[in-house]
Amino acid sequence: MGPFPRSKNMEKFGQRKDAVDIVFQRTMLVFPLLVLLIVGGIFVQLLLSSWISIKEFGPAFLVTSTWDPVAEKFGALPFIFGTIVSSLVALLLAVPIGLGTAIYLAEYAPQWPRRIISSLVDLLAAIPSVIYGLWGIFVLVPVMRSHVQPFLGKYLGFLPFFQGPAYGIGMFSASVILAIMIIPFIISISREVILAVPHVYKEAAYAMGATRWEAICTIILSYGKAGILGGIILAMGRAIGETMAVTMAIGNNVKISASLFSPAYTLASVIANEFAEATSKLYLASLTHIGLVLFLVSIVVNILAWLLLWRINERQKIFQGR
Amino acid sequence: MVRKILGLTLLIGLCSTTAFAAVLINGAGATFPYPIYSKWFDVYHKMNPEIQFNYQSIGSGGGIKQITAKTVDFGASDGPMTQDQLNEAPGRIYHIPMVMGAVVITYNVEGLDKNLKFTPDVVADIFLDKITNWNDPRIAAANPGVRLPSGSILVVHRSDGSGTSYIFTDYLSSISSAWKAKVGKGTSVNWPVGLGGKGNEGVAGLIKQTPGSIGYVELSYAIKNDLDYAELENSSGHFIKPDLDSTAKAAQGVKIPDDFRVSLVNSSNPDAYPISGFTWVLIYKDMEDHVKGKAIVDFIKWAIHDGQAYTEDLLYAPLPAEVIEMIEKKLEQVKY
């Protein structure tokens with residue numbers, strides 16, 4: 001319940017319907033149905049087009065790590081691994097930077113740097129992914145190979161993630177590019193969420209003697225948790241589906257390796273790489289099958305994220321006595 | 001003044017729409033011959049303004065799919081169609097060679113003053129991950145007097161399906177039984193080792209940046225971008241530097257089958273560069289549309305004669321005279 005309980009009269013207002021209202025309501029219903037129709041249509045189409053592959057390989061498709069177009073033996077495991085790991089590493093890098101920037105912009109920054117940084121962030125979001133890919137090949141990868149990877153190998157080489165030869169190109173570089181690509185999403189959404197925290201809450205925190213740091217940690221972040229997580233989910237979705245920039249930097253090697261330095265492959269990349277030249281029916285169906293797997297991976301990740309959000313909301317309700 | 005210009009444009013517009021019944025010919029397929037095809041289409045359109053071409057370079061596989069589905073008037077491919085694919089097509093499809101191309105082995109080894117030489121078995125074993133260091137005695141054996149550094153070899157291959165990969169793996173399959181059994185040939189294969197770069201530029205970019213790397217690109221791309229590339233030992237035991245001349249030799253003095261579906265890799269001509277091949281256009285033997293059919297055949301006749309003059313500037317190898325003669329006979333069988 002908000003501060004102003006709705007009167008019974010107001011509910012009555014909402015229930016009076018004339019013809020225009022009914023037409024408007026019905027018309028509005030068409031649009032969400034369209035969205036449902038599109039998503040359902042994509043799913044059915046993917047299922048139909050990949051049917052030959054589903055029949056041939058069955059559920060083993062998901063756990064097989066061979067991808068041999070000549071012998072027509074196909075499995076999606078290395079691509080699923082590459083997609084999930086590259087997106088997770090990208091989130092690991094992007095969330096602290098994105099959230100930190102958002103907090104600074106919303107809570108600390110004076111007017112003019114806030115404007116400059118905000119428009120730079122928007123600019124970052126508008127760069128096409130092929131440009132990120134080219135920048136990756138020609139700028140990021142050489143720096144990774146000659147400086148970052150030898151450094152990580154030297155000091156963190158005891159971890160399996162930072163072992164092996166430093167090619168520059170590979171899972172790590174792809175994740176860094178992905179992180180840069182999704183940071184703007186995290187910043188923009190988190191900033192709006194933080195700005196939307198009602199002033200009364202902040203003032204209450206200060207009135208209790210909280211420092212600014214305490215106010216941010218206890219009140220603002222916990223109030224905005226759901227919204228910020230929503231932004232991170234959106235960013236994760238973008239990372240899972242990103243194709244061009246990743247393809248150019250990840251090394252496109254069908255292998256599963258613990259080391260972030262080794263080349264890897266993603267679901268979206270293999271479709272982009274091989275679809276144009278795939279001629280046999282089973283090959284094409286297997287690539288569409290990969291598309292179906294990508295669709296399912298996105299759905300599963302979204303469901304997991306919504307479950308997390310839902311739990312947080314439940315807890316918050318208890319915490320706020322609702 | 002403005003009115004004058006307006007009137008003039010209107011007049012020109014009227015002329016161009018009424019004077020010729022324009023024929024638009026749609027084609028799709030290989031990316032490798034795209035530069036010369038677009039040059040040809042442009043020149044040919046200027047000579048015959050009523051004929052216009054629309055070519056989409058969507059890849060050889062796409063070209064085969066589109067011509068089989070009859071969504072285009074001609075297809076184009078760097079690899080010949082398989083017998084299964086031909087059987088699936090709704091009509092008889094002819095392969096017509098248009099130009100020749102080659103694939104070169106490019107590398108980045110520091111401190112070399114001349115081109116490296118490779119024997120076929122060394123190339124196969126590098127790509128099979130059996131030779132892994134530049135100081136391997138088998139590399140040194142073909143390069144007397146060259147000081148090869150010690151360092152691991154990084155193999156780079158194309159990640160996108162491509163005709164370039166097809167010719168290269170076709171070559172490896174023809175010279176190495178181990179490769180043929182383990183990997184085979186195709187526009188995409190299951191590479192035993194290495195990094196995948198997207199497109200010629202992706203492969204070349206990786207090789208330029210990474211000391212110790214080796215990969216393959218189209219000859220024209222290597223020449224234009226000034227890459228180092230290797231001399232390769234051919235079937236007669238000669239080390240051949242890849243150029244337009246040695247590429248064209250691959251189709252000379254060799255028996256070309258009547259349907260032109262032939263692999264020219266590892267040619268028996270003693271002067272031929274061994275990783276060479278045709279690129280084909282795919283047309284139906286029985287054309288449904290008389291006007292379009294005639295236009296396509298006339299264009300091909302022009303391309304294999306006058307059109308070959310443009311090959312050198314664009315770094316393609318021209319068709320040998322005997323092949324041109326064979327194509328002429330083949331075109332006589334096309335019905336429209």
Axial cation check for A:Tyr283 ring with B:Lys65, 6.0 Å and 45° limits: no
Proximity breakdown for A:Thr66 and chain B, heavy-atom pairs closer than 4.5 Å: side chain
CZ (A:Phe275) with more than 12 external heavy atoms under 6.0 Å: no
Heavy-atom closest pair, residues A:Arg145 and B:Gln209: NH2-O, 3.0 Å
Side chain A:Asn253, main chain B:Gly196, donor-acceptor under 3.5 Å: no
Region of A:Lys255 in contact with chain B, defined by heavy-atom distances below 4.5 Å: side chain
Enclosure of A:Phe158 CZ (heavy-atom neighbours >12, cutoff 6.0 Å): yes
A:Asn252 side, atom CG; B:Arg158 side, atom CZ - distance, nearest 0.5 Å: 11.5 Å
Which portion of A:Ala272 sits near chain B, non-hydrogen atoms under 4.5 angstrom: backbone
Exercise: identify the closest heavy-atom pair between A:Val70 and B:Gly184: CG1-CA, 4.2 Å
Atom group of A:Ile250 that falls short of 4.5 Å from chain B, counting heavy atoms: neither
For B:Arg138, salt bridge (charged side-chain N to carboxylate O under 4.0 Å, His left out) partners two or more places apart: B:Asp121, B:Asp125
Flag side-chain contact, heavy atom, 4.5 Å: B:Glu201 against A:Leu134: no
CZ/A:Phe295: more than 12 non-hydrogen atoms of other groups inside 6.0 Å: yes
Choice from B:Leu154, B:Ile58, B:Val156 maximising heavy atom contacts with chain A below 4.5 Å: B:Leu154
Neighbour count >12 (heavy atoms, 6.0 Å) for atom CZ, A:Phe161: no
Leading residue by heavy atom contact count with chain B [cutoff under 4.5 Å; candidates A:Val270, A:Ile169, A:Thr247]: A:Ile169
Chain A interface, residue from B:Gly186, B:Gly205, B:Gly194 that has the most non-hydrogen pairs under 4.5 Å: B:Gly194
Contacting region of B:Thr187 [heavy-atom separation from chain A under 4.5 Å]: side chain
Greatest number of heavy atom pairs closer than 4.5 Å to chain A - which of B:Ser159, B:Gly61, B:Ser152: B:Ser159
Validation row: A:Glu277, B:Asp160 side chains within 4.5 angstrom (heavy atoms): no
Per-residue contact mode, A:Phe138 against chain B (heavy atom under 4.5 angstrom): both
Residue B:Lys285 excluded, over 12 heavy atoms near NZ under 6.0 Å: yes
Part of B:Ser162 lying under 4.5 Å from any heavy atom of chain A: backbone
When B:Val193, B:Thr210, B:Thr82, B:Ile64 are compared by non-hydrogen pairs under 4.5 Å with chain A, the top option: B:Thr210
Rounded distance [0.5 Å steps], NZ in B:Lys208 versus CD1 in A:Ile137: 12.5 Å
